[in-house]
Amino acid sequence: MEIPNIKEIFELIKKGATIEAQQKIIELKETIISLQEENLKLKGENLSLQQQIELSEKGERCPKCRKGIWNLIKSEPHSTFGRLGVLERTYKCSECGFTEEHIFDPHKE
Ligand SMILES: [Zn+2]
C-alpha cells in the first residue's frame with residue numbers, strides 16, 4: 001500500500017496546485033481508513049488468539065459446546081466401588097453449563 005507523502009502535498013500547495021494537493025489528501029484519507037480497518041481486524045484476531053491461548057493453558061474444552069473450559073467440580077468415592085479407590089468425578093462447562101459424570105478408576109490409569 002502506497003501512502004501519499006505529506007511533504008509532497010505541501011509542495012503541491014506551495015506551487016498552487018491545490019487540485020492535485022486535494023487529490024493527494026483524499027488518497028491519504030482513504031489510506032488512513034483502510035489502515036484503521038486493518039488495525040481493527042488485527043486487534044480482533046489478536047484477541048481471539050489470546051483467548052485460545054488462555055483456554056489451552058487452563059485446560060480441556062467442553063465436549064458439548066467446545067468453547068467453555070471443562071472444570072472438575074466434584075470428586076468423591078463411587079457409591080459402589082468407592083472402597084476400591086474408584087472415584088466419581090463431575091465435570092462442568094464454564095460456558096454452557098453442561099455437566100457429565102465420569103468414573104475414575106485409578107487401577108486402570
Ligand atoms: Zn459447554
Side-chain angles (χ1 to χ4, degrees):
M1 194 189 300
E2 206 198 322
I3 302 165
N5 194 310
I6 296 275
K7 274 185 193 162
E8 207 181 313
I9 294 168
F10 285 143
E11 289 302 315
L12 287 169
I13 293 167
K14 270 189 214 164
K15 277 196 287 180
T18 48
I19 292 166
E20 286 89 340
Q22 276 175 354
Q23 187 56 43
K24 290 277 178 195
I25 291 165
I26 291 164
E27 278 175 36
L28 195 60
K29 281 182 178 168
E30 282 169 354
T31 310
I32 290 166
I33 291 165
S34 67
L35 283 173
Q36 280 175 333
E37 281 170 359
E38 201 185 322
N39 190 28
L40 213 63
K41 201 184 107 205
L42 289 171
K43 276 183 182 170
E45 282 176 8
N46 192 23
L47 197 70
S48 80
L49 283 172
Q50 277 179 351
Q51 284 169 343
Q52 277 179 31
I53 291 167
E54 254 177 57
L55 263 181
S56 64
E57 281 172 352
K58 279 178 187 164
E60 267 186 84
R61 297 267 189 127
C62 164
K64 194 182 176 193
C65 71
R66 294 261 155 220
K67 286 179 191 156
I69 303 151
W70 201 221
N71 293 310
L72 175 68
I73 56 159
K74 203 166 82 179
S75 182
E76 54 187 28
H78 188 270
S79 53
T80 315
F81 308 107
R83 276 177 301 144
L84 302 168
V86 178
L87 297 167
E88 218 175 86
R89 288 182 169 172
T90 310
Y91 291 84
K92 189 178 182 185
C93 171
S94 63
E95 287 291 318
C96 70
F98 177 67
T99 60
E100 202 171 65
E101 278 172 13
H102 285 270
I103 310 272
F104 173 74
D105 186 347
H107 310 289
K108 286 179 184 168
E109 295 294 310

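Counting convention: from 1, in listed order, for ligands and their atoms alike.
Under a 3.5 Å cut-off, the side chain of Asn71 and the backbone N or O of Ile73 do not form any donor-acceptor pair.
For the Zn ion (ligand 1), protein N/O/S neighbours under 2.8 Å (waters excluded) are Cys62 SG, Cys65 SG, Cys93 SG, Cys96 SG.
The residues Lys14 and Glu11 are annotated as salt-bridged, a charged nitrogen and a carboxylate oxygen being separated by less than 4.0 angstrom.
Of all heavy-atom pairs between Ser75 and Leu87, the closest is OG-CD1, 3.8 Å.
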Would you check, one step at a time, whether the test side-chain contact (heavy atoms from CB on, under 4.5 Å) holds for Lys67 with Cys96? CA-CA 8 Å; Lys67 286 179 191 156; Cys96 70; over 6 Å; no

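In this structure Glu30 satisfies the salt bridge (Lys or Arg N to Asp or Glu O under 4.0 Å) test with no other residue, sequence neighbours excluded.
A 4.5 Å side-chain heavy-atom check between Trp70 and Pro63 finds at least one atom pair inside the cut-off.
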